[in-house]
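I have placed the structure first, in the form of C-alpha cells, so that the comments after it can refer back to it.
Predicted model only: the values in this text are computed from it and were never measured.
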Amino acid sequence: MRVRTRGYWLYLVPSLVLFVAVIVVPFLMNVGASFTRWSGVGTPRWIGFDNYARLLEDERFWQSFQHNVGLIVAMAVVPTAIGLVLAAALFDYIGKRFGPRTASALRAAYYLPQVLPVAVAGVVWGWLLHPSYGAVNEMLGLDLDWLGDPDLALATVMAVMVWFQLGYPVVIFMAGLQRVDPAYYEAAEIDGASWFRRFWHITIPQIRPEIFVVLLTCTIAALKVFGPIFVLTRGGPGNATMVPSYFSYLNFFQKSNVGYGSAIATVLALIIIVVTFLFLRVQEREQ
C-alpha cells in the first residue's frame with residue numbers, strides 16, 4: 001500500500017515546482033528587499049528594520065488599513081449576509097414556485113459582475129458615477145461627486161464592491177444547498193414553519209462550511225484588493241480610499257522606494273496568513 005501511495009506524490013511535483021517558483025521565491029525576495037533602501041536600480045543598501053520602524057509611524061499606512069476594514073465589510077460581511085438570503089430564496093422559494101430554470105437564470109445574473117474584467121466594471125462605474133454626465137446623478141436628481149468627494153468616495157467604492165462581490169456567495173451557497181436533504185424542508189413545511197424559520201434553523205446550520213469558505217476567501221480578497229481602487233480612485237481623493245496594496249504600489253513604481261513598498265507588502269502578506277490561520281482554527285472548532 002505504501003508503494004502505491006508513494007507514486008501519488010509524483011503528480012504533486014509540477015504544482016510544487018510552480019508554487020515555489022511563483023509564490024515562495026518572489027515572497028522571500030520581497031522580504032529580503034524590505035530590509036534595504038533601493039530605488040529598483042543599482043545595488044540595494046541594507047538598512048535592517050528601518051522600513052518597518054517607519055511603517056509604525058506612517059499615518060497613511062495605518063489609515064490604509066482602516067479603509068481595508070471598511071472594504072472587508074463591503075466585500076465579505078455584507079455580500080455573505082445578502083448572499084445567504086438570496087441563495088435561500090432562490091433555492092427554497094423561487095425554485096419551487098417558478099421552476100429551477102428561473103432560479104438558475106437569476107443566479108447567473110447575480111454572478112455576472114464576477115465574470116466582467118475589473119477594469120471594464122471600473123470604467124463603467126466611473127461613467128455611471130461621473131458628476132457631470134453620470135446616470136446615477138441623473139436618476140436621483142443629485143449633483144454629487146461620488147468618487148471625488150473625500151466624504152463620499154470610500155462609501156461609494158464600498159457600494160460598488162458589494163455589487164461586484166455579491167454573485168460569488170450566492171453561487172457557493174446555492175451549490176451548498178444542493179447537498180442538504182430535502183426532507184428537512186419538507187418536514188418543516190408540514191409542521192407549518194415559515195420561510196424565515198426554515199432559513200434560520202435549516203439553511204444556515206446546514207451550509208456552515210460554505211459560509212466559512214466564503215468569509216475567508218472574501219476577506220482575503222478585500223485585504224489584497226487593488227484593481228477596483230486603481231481604476232476608480234487611484235487611492236484618492238487625497239488618501240480617502242488608500243489601501244495597503246495600492247500604497248505598496250505607489251512606493252514601488254511611482255516613488256521608486258522599493259524597500260519601503262516591499263515592507264508594506266510583507267506586512268500585508270503576514271496579516272493575510274494570520275487571518276487565514278485564525279479562520280481555519282475557528283472552522284476546526286466548529287466542526
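- Sorted by first then second residue, the side-chain hydrogen bond (donor to acceptor under 3.5 Å, both in side chains) pairs that include residues 233-242, not counting sequence neighbours, are Arg60-Asn239, Thr233-Thr241.
- With ring centers used as reference points, Phe212 lies 6.0 Å or more from Phe279.
- Using a distance-only test at 3.5 Å, with no hydrogens or angles considered, no donor-acceptor pair links the side chain of His67 to the main chain of Val243.
- Among residues at least two apart or in separate chains, side-chain hydrogen bond (donor to acceptor under 3.5 Å, both in side chains) pairs with a member in residues 167-190 are Lys96-Glu189, Tyr168-Thr217, Arg179-Glu210, Tyr185-Thr203.
- Atom CG of residue Leu84 and atom CD1 of residue Ile211 lie 4.5 Å apart, to the nearest 0.5 angstrom.
- Ring geometry for Tyr246 versus Phe230: interplanar angle of 30 to 60°, hence tilted.
- Using a distance-only test at 3.5 Å, with no hydrogens or angles considered, a donor-acceptor pair links the side chain of Asn51 to the main chain of Thr36.
- With a 6.0 Å radius and a threshold of 12 heavy atoms from other residues, nucleotides or ligands, Phe27 has its CZ atom above the threshold.
- Looking at Trp62, its side chain does come within 3.5 Å of a backbone N or O of Leu56 through a donor-acceptor pair.
- Using a 4.5 Å cut-off on side-chain heavy atoms (C-beta onward), Ser262 and Val31 make no contact.
- The neighbour count for Trp127 CH2, taken as heavy atoms of other residues, nucleotides or ligands under 6.0 Å away, does not exceed 12.
- Contact annotation: the side chain of Met242 approaches that of Leu250 to within less than 4.5 Å [non-hydrogen atoms, C-beta and beyond].
- Ring pair Phe199/Phe196 is tilted by interplanar angle, where 30° to 60° counts as tilted.
- Within 6.0 Å of the CH2 atom in Trp163, the count of heavy atoms belonging to other residues, nucleotides or ligands exceeds 12.
- Scanning all heavy atoms of the two residues, the minimum distance from Leu177 to Ala87 falls at CD1-O, 3.7 Å.
- Side chains of Gln165 and Gln114 form a contact here, defined as non-hydrogen atoms less than 4.5 Å apart.
- Heavy atoms only, all atoms of each residue included: Leu55 and Ile264 are closest at CD2-CG1, 3.5 Å.
- At a threshold of 4.5 Å between non-hydrogen side-chain atoms, the residues Asp58 and Phe247 count as touching.
- Centroid-to-centroid, the aromatic rings of Phe35 and Tyr52 come within less than 6.0 Å.
- Of the possible donor and acceptor atoms, one in the side chain of Arg198 sits under 3.5 Å from a partner among the backbone N and O of Ala193.
- Listed for the Ser248 side chain is a donor-acceptor partner under 3.5 Å among the backbone atoms of Gly261.
- Using a 4.5 Å heavy-atom cutoff, the side chains of Leu278 and Arg281 are not in contact.
- Shortest non-hydrogen contact noted between Leu140 and Trp146 is CD1-CZ2, 4.2 Å.
- No donor-acceptor contact under 3.5 angstrom links the side chains of Ser39 and Asn257, judged on distance only.
- Remark: side-chain polar atoms of Gln254 are not paired, donor with acceptor, to backbone N or O of Tyr249 under 3.5 angstrom.
- Under the 4.5 Å side-chain criterion, counting only non-hydrogen atoms from C-beta, Tyr133 is not in contact with Glu138.
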